[in-house]
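Being a predicted model, the structure only gives us computed values, none of them experimental. Just so we're on the same page: letters track the sequence lines, and every chain starts at 1. Scope of the values below: all heavy atoms of this structure, side chains included, with no hydrogens, waters or symmetry mates.
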2 protein chains.
Amino acid sequence: MARATPVPVDGPDGTDAGPARPTIRDVAARAGVSKSLVSLALQNAPRVAPGTRAAILAAADELGYRRNAAAHALVAHRTRTVGVFVLDLHNPMTADVLDAVQAEARRRDYRTIVVVGSDDADAERAELEKLVEFRVEGIIALGHRLPEGADGAIGAACPWVVIGSAHEGIPHLESISTDDEEGAGLVVDHLVTLGHRRIAHVDGGRSSVARDRRRGYRRAMRRHGLQDAVTVERGSFSEEGGYAGARRALEAADPPTALFVVNDLAAIGAMAAVTDRGLAVPQDVSVVGFDGTRLAGMRPLSLTTVGQPLLQMGTQAAARLCGRLDGERLVGSPSRLPPSLVERRTTAPPP
Amino acid sequence: MARATPVPVDGPDGTDAGPARPTIRDVAARAGVSKSLVSLALQNAPRVAPGTRAAILAAADELGYRRNAAAHALVAHRTRTVGVFVLDLHNPMTADVLDAVQAEARRRDYRTIVVVGSDDADAERAELEKLVEFRVEGIIALGHRLPEGADGAIGAACPWVVIGSAHEGIPHLESISTDDEEGAGLVVDHLVTLGHRRIAHVDGGRSSVARDRRRGYRRAMRRHGLQDAVTVERGSFSEEGGYAGARRALEAADPPTALFVVNDLAAIGAMAAVTDRGLAVPQDVSVVGFDGTRLAGMRPLSLTTVGQPLLQMGTQAAARLCGRLDGERLVGSPSRLPPSLVERRTTAPPP
DNA sequence: CTGAAAGCGCTTACAG
DNA sequence: CTGAAAGCGCTTACAG
């Protein structure tokens, strides 16, 4: 089928802006019908005569016609687009969840537009503002903290679903997360069962997830009568943070025999700190992460961690948001999911 | 400053679609001027009286006005949006490059919309079609193969910059990549210098990058007079592929003492295969990856690999594409970048 | 079954 | 300096 080549036009600055895309008008002219009919036929409206429809479809195909999403959005008052805020592309959790989010959104015929978190709060907020200019119909946020401004005007602009951290009392926002406190408890239980008593926690700072995991650690230690052994070293959700926190913990006079680190990525850093100290994992020091990422499962690492159903969380988030946008009646709210301990090869009885 | 709350309206399906966003009209009414003037003032046009401008800006702020990107794109004939095609979110290379791409695009005031590659070729093509409906002004593709349809109508719809694999002869498409063949040569040189002769390659299948790395391996082996030791096992760019390929290589009657694996992710899989065989890395078998990802550098892994300037590649790709869209005169074309060997702890002399 | 008209929210000449 | 009008590419009543 021969495709007519649209004439190249000049762009705003005199450069070649490439071929001017054909419009509904061009299709109408080629098919010898009105614009309205083209629009109808393209939407598969039933009231178009079969022959006419065929002619229109053929003309559209020959011209390589593609609907202009902007024009459509303008009149439809819908964009079928959701924003996805990703705090940290490097966190291995991100790929798993994002994959699931995208797949589910695609399945429901929604487009996603991804914005990445930034150290610069203003830049981050500005990116989010662009999302509201785009008129995304909802936003999915992914990470251990909310993006900058999510609790203000940007937050109110559309419904949100947050994955990975729990937030309450913010209207239009629901969250899907595992019970971080419980997960931390699982870790302590496991280590205590192995015989550890000096269990230190390398934490993730001030975000809500870090807080919950820290609290879970503290409570579990107390539950086991180990309140005197509670040690919290400041870390972060990155490899570097884990390294630094673990290093400090190991330099103590009475160093821990086990390290519970705030997430998998930081736990990798902690493992490096142990090795640098001339110690072996798990013979000398056990290390446990959190998140249950693919990375943790990689054999040369084989990190013991707290598993979360990351794929389901991503799928569920997209399903809830898109479902809501499509007017489905959603019952209940996604409660906190139960975490599970994934025992691998970085934990063993203390020396 | 009190923000007037816009009235909620009903969505297309009777659900609450949230507050109706104020338009330029609402701002005009509140400021007591015409729409045109609002538009002008919002664009910082010089010919608006200072007082009027201030009143307009105040009104806009009070109403929480945000320009409608669709309406703007429709009349501006520009979207200031580029598409980013990401083959594999799980490849650790992706995060590095994507981060740089996004940062540079943002710096130049371009939005990005990410689409993820799929096993389903039709789905992948459909996603790309959506990009043209969105009228993205250009596309950056990231991975070891082009997306489905990039050489057809979708490819011709706008300029492309491909990162990571080299392609020639496709109009409107330029690529930024390292010299894969040379990189592979570096690996073989390094291993030969250590004393290895039985060096096997676990490849990445049929993509262009896989081909170049394979060819580089073969040539270098020949150069060292090791043509008889050439062994290529079929693998892939994923952990699983590396595991399977390495496993097969190690089962040979005369197993290799070194494994050159197509990329870092697959090399991690290969390391697991070595361990499963009851052998140690690097004492019994050396393992080398390719890409120079952050993952490879993580201490518990410390994978010897071929480094590429991933951040620069991402930045350069975005700079070239956006620069071109902004009508900058670009001189030359981004040639292939030189790779470098990053020696870490997975290589040693043969036993 | 088909077409002319109005309008989505903006911008841009064109008058004044 | 400011406003009325036309138009971007589409969809949707409304007539016929």
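Separating the CG atom in A:D151 from the CG atom in A:L146 is a distance of 7.0 Å, to the nearest 0.5 Å. Summarising the geometry, atom CZ belonging to A:R135 is positioned 5.0 Å from atom CZ belonging to B:R21; distances are rounded to the nearest 0.5 Å. Going from atom CZ of A:R80 over to atom CZ of A:R111 covers 8.0 Å, rounded to the nearest 0.5 Å. Note that CG of A:L311 is 7.5 Å distant from CG of A:D99, once rounded to the nearest 0.5 Å.
Rounded to a whole Å, the CZ atom of A:R21 is 17 Å from the P atom of D:dC8. When the C1' atom of D:dA13 is taken as reference, atom CG of A:L40 falls 11 Å away, rounded to whole Å. Straight-line distance from the CG atom of A:N68 to the C1' atom of D:dC10: 8 Å, rounded to whole Å. Computed from coordinates, the B:L37 CG to C:dG16 P distance equals 18 Å when rounded to whole Å. Look at CG on A:L42: it is 11 Å from C1' on D:dC10, rounded to the nearest Å. We find that CZ of B:R66 is positioned 16 Å from C1' of C:dG9, with the value rounded to whole Å. Rounded to whole angstrom, the span from the CD1 atom of B:I24 across to the P atom of D:dA5 amounts to 17 Å. The CZ atom of A:R47 sits 13 Å away from the P atom of D:dT11 (whole-angstrom rounding).
Counting any heavy atom pair closer than 4.0 Å across all strands shown, B:S36 reaches a base atom. Using a 4.0 Å heavy-atom cutoff across all strands shown, A:R67 reaches sugar-phosphate atoms only and no base atom.
Of the two residues near DNA chain D, B:R53 and B:A71, the one whose nearest nucleotide lies more 5' is B:R53. Toward the 5' end of DNA chain D, the nearer of the two residues B:R135 and B:P46, judged by each one's closest nucleotide, is B:P46.
Comparing C:dG3, D:dG7, C:dC8 against the side chain of A:L74 picks out C:dC8 as the nearest. Taking every side-chain heavy atom of B:V33 into account, D:dG3 is the closest of D:dG3, C:dT12, D:dT12. Minimum atom distance to the side chain of B:K35 is reached by D:dA6, of the listed C:dG9, C:dT12, D:dA6.
Nucleotide C:dA13 forms a pair with no other nucleotide shown, judged by Watson-Crick or G-U wobble geometry with both contacts under 3.5 Å. C:dA4 is unpaired under the Watson-Crick or G-U wobble criterion, no partner having all donor-acceptor distances under 3.5 Å.
A salt bridge links A:E133 with A:K130: the distance from a Lys NZ or Arg NE/NH1/NH2 to an Asp or Glu carboxylate oxygen falls below 4.0 Å. Between B:R107 and B:E104 there is a salt bridge, since at least one side-chain N of the basic residue sits less than 4.0 Å from a carboxylate O of the acidic one.
An OP1 or OP2 oxygen of C:dG3 is reached within less than 4.0 angstrom by a side-chain nitrogen or oxygen of A:S34. In this structure, A:S39 reaches the D:dT11 phosphate: one of its side-chain N or O atoms is under 4.0 Å from OP1 or OP2. Within the 4.0 Å cut-off from OP1 or OP2 of C:dC10, not a single side-chain nitrogen or oxygen of B:Q43 is found. OP1 or OP2 of C:dT2 sits under 4.0 Å from a side-chain N or O of A:T52.
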